[in-house]
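Presented below is the structure to which this report refers.
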Amino acid sequence: METIFDIGRPGKRAFSLPDLDVPGKKLSDLIPSELLRRKPPVLPEVSEGEIARHFTNLSNMNFGVDTVFYPLGSCTMKYNPKINEVIAGLNGFTNIHPYQDESQVQGALELMYELAKWLAEIGGVKKVSLQPAAGAHGELTGMAMIRSYHEHNGNVRSKVIIPDSAHGTNPATAAMLGYKVVQVPSDKYGGVDLSALERLLDEEVAAIFLTNPNTLGIFDKNIVKVNEMVHSVGALSYCDGANLNAILGKSRPGDMGFDVMHFNLHKTFSTPHGGGGPGAGPVGVGEVLEPFLPVPIIEKDESLHAYYLIYDRPLSIGRMRAFYGNFSVLVKAYCYIKSLGREGLDKVSDIAVLNANYVRSKLRDTYTLPYDVPCMHEFVLSADKQKKVGVKATDIAKRLLDFHIHPPTIYFPLIVEEALMIEPTETESLANLDSFVHALKQIAKEVEENPDILREAPHTTPVSRFNEAEAARHPRLRWLPGKADSQDKVA
Ligand SMILES: *Cc1c(COP(=O)(O)O)cnc(C)c1O
């Protein structure tokens with residue numbers, strides 16, 4: 001594909017302005033000479049029509065939830081209702097400023113107060129802070145509260161227990177807070193191995209970090225027992241809420257005995273988040289951690305029906321980011337919850353789980369199913385059979401692009417060899433699920449009959465394979481005038 005500079009020709013313009021009509025003046029009379037450019041800026045010289053076509057064509061090269069099926073496990077890439085964008089774009093939301101007086105932003109405060117209340121209800125927790133800007137940031141906030149809690153009790157602890165199936169952000173978070181990460185193995189059903197946990201628990205353990213349902217898409221039936229065991233040594237338990245889509249309206253981390261959790265608003269409650277953002281990772285806590293929540297906290301004065309911010313909380317861990325949270329993502333989540341309501345949210349998890357189990361049952365004979373139990377909202381296949389003939393999970397993922405399907409998550413969780421982690425979400429039709437199943441079966445057939453077609457895939461995308469390590473280490477992020485090979489290398 002040509003860059004917009006390649007398309008351009010000297011002298012072409014997308015607009016024209018009339019000559020300066022201030023009587024007797026030249027532009028150089030009006031602007032101090034030291035502020036005038038000596039050379040014109042390097043801009044593409046194109047017509048308006050060329051601009052429109054160029055960017056429309058670029059946008060069509062995207063693989064996104066608005067164009068294709070996107071079963072990226074763990075990421076909950078559901079369709080994003082456009083009403084959310086309309087509401088988040090209202091002037092009353094986009095034209096306010098965080099420095100405005102509380103009295104002038106009562107609507108925004110009310111929205112945040114209500115959203116936090118709903119999330120607390122959904123998660124079964126006492127209180128929610130909307131501040132963290134992503135799931136991983138919620139983890140950092142939650143773990144920082146756990147650390148403060150132990151320090152406050154004069155009881156500094158050194159270890160955090162994390163299952164071998166965990167998302168990479170979990171051990172990273174614990175390590176950032178200075179904890180030693182201790183791995184607990186999974187049992188044959190993918191849950192926490194209770195006897196291994198028993199051996200690991202002692203007075204040095206600050207917390208356990210769990211995802212339930214876990215990254216294999218399996219609900220840990222021992223969860224209440226696990227949390228009781230953790231509490232019995234004075235440790236706390238953290239729920240990574242990234243998989244909440246599976247249990248919305250059915251069960252609540254607070255009721256399972258967790259002390260703190262985060263919500264990935266950009267997963268469970270829609271919001272486009274391909275390519276890394278923006279997100280929001282509110283954190284919810286039970287009784288014991290409430291005093292440690294970040295400031296400010298939004299409260300309501302019931303008698304005046306007014307909302308205000310509280311900063312004076314002596315045990316608070318402080319601020320986790322500027323201001324109050326990623327506000328427009330909060331508006332979208334609010335809108336999503338409000339439009340679905342209690343019954344709608346309940347249906348989300350019903351259909352998400354049904355869709356995942358449908359696809360799983362259709363593919364179980366074609367690929368290896370390492371944990372052969374009914375799944376929640378996602379499941380993990382292994383391409384180990386295919387690897388024996390030299391085709392890897394990454395080749396299968398690339399080939400799916402030729403079927404116009406976004407690949408699933410691959411090589412995660414780490415405990416499954418050649419993992420393909422599939423999360424269809426509730427927003428896909430039966431026809432879409434069937435064509436995904438068809439594509440993966442077709443690919444399995446190609447593995448037998450014509451494996452080369454897989455190793456060289458994708459064949460239909462604007463760029464095929466490139467050196468991923470080189471692209472990560474030496475990305476070319478800027479176009480420089482002249483030949484293509486003069487592109488700026490930014491290390
Ligand atoms: C997505 C995810 C995270 C991290 O959340 P971000 O919002 O991407 O920072 C943590 N744990 C699990 C299981 C996830 O799927």
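First listed ligand is number 1; within each ligand, the first listed atom is number 1.
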Are any of the N or O atoms of [X] closer than 3.5 Å to those of ligand 1?
{"X": "Asn264", "value": "yes"}
{"X": "Gly135", "value": "yes"}
{"X": "Thr215", "value": "no"}
{"X": "Asn170", "value": "no"}
{"X": "Cys75", "value": "no"}

Would Glu139 count as a contact of ligand 1 if the rule is a heavy atom under 4.0 Å away?
yes
Would you say [X]'s side chain and [Y]'s backbone share a donor-acceptor pair under 3.5 angstrom?
{"X": "Ser129", "Y": "Pro294", "result": "no"}
{"X": "Asp259", "Y": "Ser237", "result": "yes"}
{"X": "Glu378", "Y": "Met421", "result": "no"}
{"X": "Arg321", "Y": "Gly325", "result": "yes"}

Evaluate side chain to side chain contact (heavy atoms under 4.5 Å, CB included) for Phe269 paired with Leu119, printing each intermediate quantity in order.
CA-CA 11 Å; Phe269 302 103; Leu119 291 175; 3.8 Å; yes
Minimum-distance protein heavy atom relative to atom 15 (O) of ligand 1
Ser74 OG, 2.5 Å
Protein heavy atom at shortest distance from atom 11 (N) of ligand 1:
Asp240 OD2, 2.5 Å
Hey, what's the ring geometry for His273 with His266, parallel, tilted or perpendicular (30° and 60° as the breaks)?
perpendicular
Classify the ring geometry of Phe292 against His152: parallel below 30°, tilted from 30° to 60°, perpendicular beyond 60°.
perpendicular
Hey, are Asn264 and Thr76 close enough side-chain-wise for a donor-acceptor pair under 3.5 Å?
no
Can you tell which part of His266 has a heavy atom less than 4.0 Å from ligand 1: side chain, backbone, both or neither?
side chain
List every atom of ligand 1 that sits less than 4.0 Å from any heavy atom of [X], numbering the atoms from 1 in the order shown and giving each element.
{"X": "Ala136", "answer": "4 (C), 5 (O), 6 (P), 9 (O)"}
{"X": "Ala134", "answer": "7 (O), 9 (O)"}
{"X": "Lys267", "answer": "1 (C), 2 (C), 3 (C), 5 (O), 14 (C), 15 (O)"}
{"X": "Ala242", "answer": "2 (C), 11 (N), 12 (C), 13 (C), 14 (C), 15 (O)"}

For Phe63 together with His404, are the ring centres under 6.0 Å from each other?
yes
